[in-house]
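In this chain, residues are counted from 1 in sequence order. Computed from heavy atoms alone, side chains included, the values below leave out hydrogens, waters and symmetry copies.
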Amino acid sequence: MPDDTVGDELGSQQVRAYVRGRSIRHRIYNPDRLKKPMKRKPGTKRGDEQWVTISWDQALDEITDKMKQIKAKYGNGAFYINYGTGTLSSVMAKSWPPDQSAFARLMNTWGGYLDHYSDYSTTEITQAYPYFYGSWVAGNSFDDAKNSKLQVMFGNNPAETRMSGGGQVFVSQQTRKEFGVSTIVIDPRYSETAITMADE
């Protein structure tokens with residue numbers, strides 16, 4: 001539910017779930033969701049979409065057996081906790097931060113696992129930051145743009161990717177509207193941000 005204790009003032013804006021966030025309840029409670037373990041039907045191959053329901057005991061035993069085989073053949077480096085699950089830090093499938101994840105704890109008692117590095121959204125560009133900015137330092141919030149005369153967005157598309165009420169799109173829109181900050185969007189595609197926020 002949205003936070004209804006504040007208004008829409010820049011800096012203390014109401015935080016709203018964005019469209020994908022609002023739809024999560026349909027994913028969790030969808031009547032067609034998987035409720036029991038399933039296994040590929042014997043004699044079929046990947047892509048045939050032929051499944052049979054199995055018991056939890058059978059599923060856990062088969063997973064355990066497979067993990068033992070993998071560990072014996074390849075070692076613990078063959079086990080990887082995926083960072084970009086789409087449900088990071090959620091109650092249902094928490095995988096981040098790794099030192100607080102139930103699965104990471106299980107894997108540590110098993111002998112360890114391969115972890116990700118950097119950020120799944122920006123791993124490659126992180127290598128380029130020093131050449132553009134000297135270093136990558138966490139600091140100013142997005143609303144600090146109100147203190148400038150110009151903001152330039154290089155491939156930044158908050159209108160489509162950061163559309164929650166407390167997110168970057170609200171701050172970017174309000175900063176531009178209230179403080180007259182000129183905005184240039186540089187992007188190979190004519191994004192929604194370019195259409196709705198760019199002066200150039």
Asker: As an exercise, state the distance from CD of Gln151 to OG of Ser172, rounded to the nearest 0.5 Å.
Answerer: 5.5 Å
Asker: If you look at every heavy atom in Gly77 and Leu114, which pair is closest and at what distance?
Answerer: O-CB, 3.7 Å
Asker: Do you know which two heavy atoms are closest between Gln50 and Thr44, and how far apart they sit?
Answerer: CB-CG2, 3.6 Å
Asker: Between Tyr74 and Trp110, is there shared hydrophobic-cluster membership here, with clusters defined by ILVMFWY side-chain heavy atoms closer than 4.5 Å?
Answerer: yes
Asker: Tell me whether Tyr113 shares a hydrophobic cluster with Ile70, the cluster being built from Ile, Leu, Val, Met, Phe, Trp, Tyr side chains joined at under 4.5 Å.
Answerer: yes
Asker: What pairs meet the salt bridge (charged side-chain N to carboxylate O under 4.0 Å, His left out) rule with one or both residues in residues 172-181, with sequence neighbours excluded?
Answerer: Arg176-Asp199
Asker: Applying a strict under-4.5 Å side-chain criterion to I, L, V, M, F, W and Y, I'd like to know whether Leu150 and Phe179 cluster together.
Answerer: no
Asker: Are Phe79 and Ile63 in one and the same hydrophobic cluster, where Ile, Leu, Val, Met, Phe, Trp and Tyr link if side-chain heavy atoms are under 4.5 Å apart?
Answerer: yes
Asker: Tell me every residue that passes side chain to side chain contact (heavy atoms under 4.5 Å, CB included) with Glu62, counting only those two or more places apart in sequence or in another chain.
Answerer: Lys39, Gln58
Asker: Which atom names give the shortest non-hydrogen contact between Glu160 and Glu192, and what distance separates them?
Answerer: OE2-N, 3.1 Å
Asker: With a 4.5 Å cut-off on side-chain heavy atoms, are Asn156 and Thr193 touching?
Answerer: no
Asker: So, for Lys35 and Trp56, which heavy atoms are closest and what is the spacing to 0.1 Å?
Answerer: O-CZ2, 4.0 Å
Asker: Distance check, rounded to the nearest 0.5 Å: Gln173 atom CD versus Met197 atom CE?
Answerer: 4.5 Å
Asker: Nearest 0.5 angstrom please: His26 NE2 to Asp32 CG, how far?
Answerer: 13.5 Å
Asker: List, by chain and then residue number, the residues other than Met38 in its hydrophobic cluster (Ile/Leu/Val/Met/Phe/Trp/Tyr, side-chain heavy atoms under 4.5 Å); write none if there are no others.
Answerer: Leu34, Trp51
Asker: Minimum heavy-atom separation for Val185 and Ala198, please, with both atom names.
Answerer: CG2-CB, 3.6 Å
Asker: Indicate the atoms forming the closest heavy-atom contact of Ala145 with Val181, along with that distance.
Answerer: O-CG2, 3.4 Å
